[in-house]
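Structure, as structure tokens:
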Amino acid sequence: MKDFAVFWGCTIQARFPFLEKSTRMVLDAFKLPHRDVDGFTCCPEKSLVNNVDHAAFVLTAARNVALVDGMGLDIVSPCTGCVSNLATVKGELKANPVERTAVNGLLKAAGKEFKGNAKLTHLVPFFHDSVGVFAIKQRIKKDFSGMRLAVHYGCHMMRPSHALRNDDPLDPKKFDNLLAALGAVSLQHPTKLQCCGQGLDRVDQHDNALHMARVKLKELKSLGADGLVLCCPSCFLQFDNNQFLMEKEGEKFGIPIIYFTELLGLALGYTAEELGMNSHRVDVEPFLEKWKRSPLVAGSGTIDEALNAVVAF
Amino acid sequence: MLGAALNIKLLEMCSKCGACYSICPSCVNLPGYDPREVIQDIVAGDWEKWLLSKSIWQCLECHYCLEMCYQHYGFENAMTAMRAVATKRGIFPVQVKRGWEMFAKTGKLGEPAMPARKKMNLPAPAASGGEELKKIYALLKEKRRGQG
Ligand code: SF4
Ligand code: SF4
């Protein structure tokens, strides 16, 4: 496997360091060749930067990609927005030599060149494709059999598909496959692919953002979901923070929000505390309690594979 | 200004189609949000009135319409173009303005939360490339000025 830089993005490091923690833990557990790289900036965030200055949006993303191009690394990110924005610009510059030449003219002043060789992957398709469901299954200490979990892909995990090309943009499967590998039932629900709506909070429309969160949380409550699994800091903000704000106002949904890395980390045998899950705003205890009560089912590799598996801890 | 950013021929087709209305998350959930109306006005050349409307900021850039669209065009392109014109005229939601200013100043939208990192035993964060980005962004602005 090629070495890769982790692109943390602004939101995780500024607001959710515990998500960085659990991401590092699962990357280390599988001994994946990851590293931190000096010199990244914001990806940049599309709705804020692109709306004001498209050329700045392109230049910023091109510089981030050029940085890893120069080091011969790929990028993996636990943020869907980062990957989608970087990939959108990479696609645009690969398709437009005139624009690429202009951008490289500017990057030259910083000793950089955009080549677009670096592969850009979100953590979920990365675990699915590069680690693989089988390797994951072998390592499970206790899976999530009997748990009813809903998965929320987040729009930018697989869209725009012409830039990302990693799953079906209208009927994605990879996150569901990973949940199945972890033994959980992936609940099919009408808003599964609906945008979380967090973007509305960034354009002074907080009530509309809450409304979009409410639609989904109500649906999950009525389906009896034990938790909502996602892997995007923006979706996390929307369903954890905004759910908490609604709870404070007396609207109770009680849907624990679980980051993919936390779910995987728990299955590998880390504790919720080690993974930083006590930093969530919506209580994760009901989810953990139910899981504790459920029967122990470990990974399901063959005996040979289980004996030969590399045990990291 | 708007015409340059948009393919009006495709939008004409779009104004007769409307298929993606039923899958657009904002159309479904936010009363009054209807890109079909905006697009009809763009095609008719009567779009200025939308610049001050909340609607153009309600497109979530989720790309669902883009993926569904038989023209691979999408409501989204029209809404993005409208927002670009609005910001050029200084019409922003407060948070977009604040976000942009923070980005222009630091190259980021937030700095790593140091006390929490320490508590969680996270390594020191990698150095930011903000200063270097600012320099090449200044070059871009210079180049633009040169082109008038
Ligand atoms: S990108 Fe905008 S217009 Fe298109 S489906 Fe999403 S919210 Fe609707
Ligand atoms: S964006 Fe495409 S699918 Fe949607 S209404 Fe316009 S032409 Fe039809």
Side-chain angles (χ1 to χ4, degrees), chain A residues 8 10-11 13-15 17-18 20-21 24 36-42 44-56 59-60 63-64 67 84 102 105-107 109-110 155-156 159-162 169-170 191 193-195 197-205 208 211-212 215 276 279, chain B residues 5 23-26 28-30 54 57-64 66-68 72 80 83-84 86-88 92-100 102-104 106-113 116-117 119-123 125-130 132-133 135-137 139-141 143-144:
Chain A
W8 296 105
C10 305
T11 313
Q13 291 204 315
R15 301 199 60 167
F18 51 95
E20 178 175 337
K21 174 96 180 175
R24 286 186 186 277
D36 284 9
V37 158
D38 283 332
F40 284 138
T41 59
C42 175
E45 209 272 333
K46 194 166 181 226
S47 64
L48 299 178
V49 177
N50 192 45
N51 284 327
V52 180
D53 187 346
H54 179 67
L59 184 64
T60 307
R63 187 188 155 282
N64 284 324
L67 183 65
S84 181
L106 294 166
L107 289 177
C155 305
H156 300 114
R159 294 195 289 268
S161 61
H162 65 267
L170 300 173
T191 62
L193 293 180
Q194 179 172 290
C195 178
Q198 168 58 212
L200 293 160
D201 251 338
R202 292 195 287 270
V203 294
D204 306 348
Q205 298 192 28
N208 282 334
H211 175 66
M212 295 274 297
V215 168
S279 301
Chain B
I23 53 92
C24 162
S26 291
V28 174
N29 292 294
L30 306 178
K54 269 187 163 183
W57 298 96
Q58 286 174 340
C59 165
L60 296 156
E61 305 184 65
C62 73
H63 312 315
Y64 217 134
L66 185 76
E67 302 285 354
M68 288 284 283
H72 200 65
T80 303
R83 287 193 300 271
T87 58
K88 290 243 153 46
F92 300 84
V94 176
Q95 273 164 285
V96 172
K97 192 162 192 287
R98 229 187 275 142
W100 166 260
M102 169 116 189
F103 171 77
T106 64
K108 298 191 108 184
L109 292 175
E111 294 302 329
R117 294 188 76 81
K119 233 170 85 191
M120 287 175 199
N121 267 328
L122 284 166
S128 160
E132 184 182 292
L133 176 65
K135 274 185 208 140
I136 53 174
Y137 185 50
L139 288 180
L140 170 71
K141 287 199 280 193
K143 198 171 135 197
R144 267 186 200 148

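In the text below, chain A, chain B and the rest are named by the order of the sequence lines, each starting its count at 1. If you're wondering where the values come from, they're calculated on a predicted model, not measured in any experiment.
In this structure, the side chain of A/R159 engages the main chain of B/C62 through a donor-acceptor pair within 3.5 Å. With hydrogens and angles ignored, the 3.5 Å screen pairs no side-chain donor or acceptor of B/E132 with any backbone N or O of A/G39. Counting only distance, with no hydrogens or angles, the side chain of A/H211 and the backbone of B/N29 share a donor-acceptor pair below 3.5 Å. Side-chain atoms of A/N51 do not come within 3.5 Å of backbone N or O of B/R83 as any donor-acceptor pair. When atom types are taken as modelled, the side chain of B/E67 and the backbone of A/S161 share a donor-acceptor pair closer than 3.5 angstrom.
With sequence neighbours excluded, the residues that form a ring pair (Phe, Tyr, Trp, His ring centres under 6.0 Å) with A/F18 are A/F16, A/F236, A/H280. A/D36 meets the salt bridge (charged side-chain N to carboxylate O under 4.0 Å, His left out) test with A/R24; sequence neighbours excluded.
Between B/V96 and A/L48, the shortest heavy-atom contact is CA-CD2, 3.6 Å. Pairing each heavy atom of B/L122 with each of A/P17, the nearest pair is CD1-O, 3.5 Å. B/H63 and A/S84 make their closest contact through NE2-OG, 4.5 Å (heavy atoms, listed as atom of the first residue, atom of the second, distance). The two residues A/V203 and B/W57 make their nearest non-hydrogen contact at CG2-O, 3.5 Å. Contact between B/L139 and A/A109 at its shortest, heavy atoms only, is CD1-CB, 3.4 Å.
A/D201 touches chain B through its backbone: at least one of N, CA, C or O sits under 4.5 Å from a heavy atom, while the side chain does not. At a 4.5 Å heavy-atom cutoff, the contact between A/V52 and chain B is made by backbone and side-chain atoms alike. Proximity to chain B (any heavy atom under 4.5 Å) is shown, for A/L67, by neither the backbone nor the side chain.
With respect to A/K46 and B/E61, a salt bridge is recorded, a charged nitrogen being found less than 4.0 Å from a carboxylate O.
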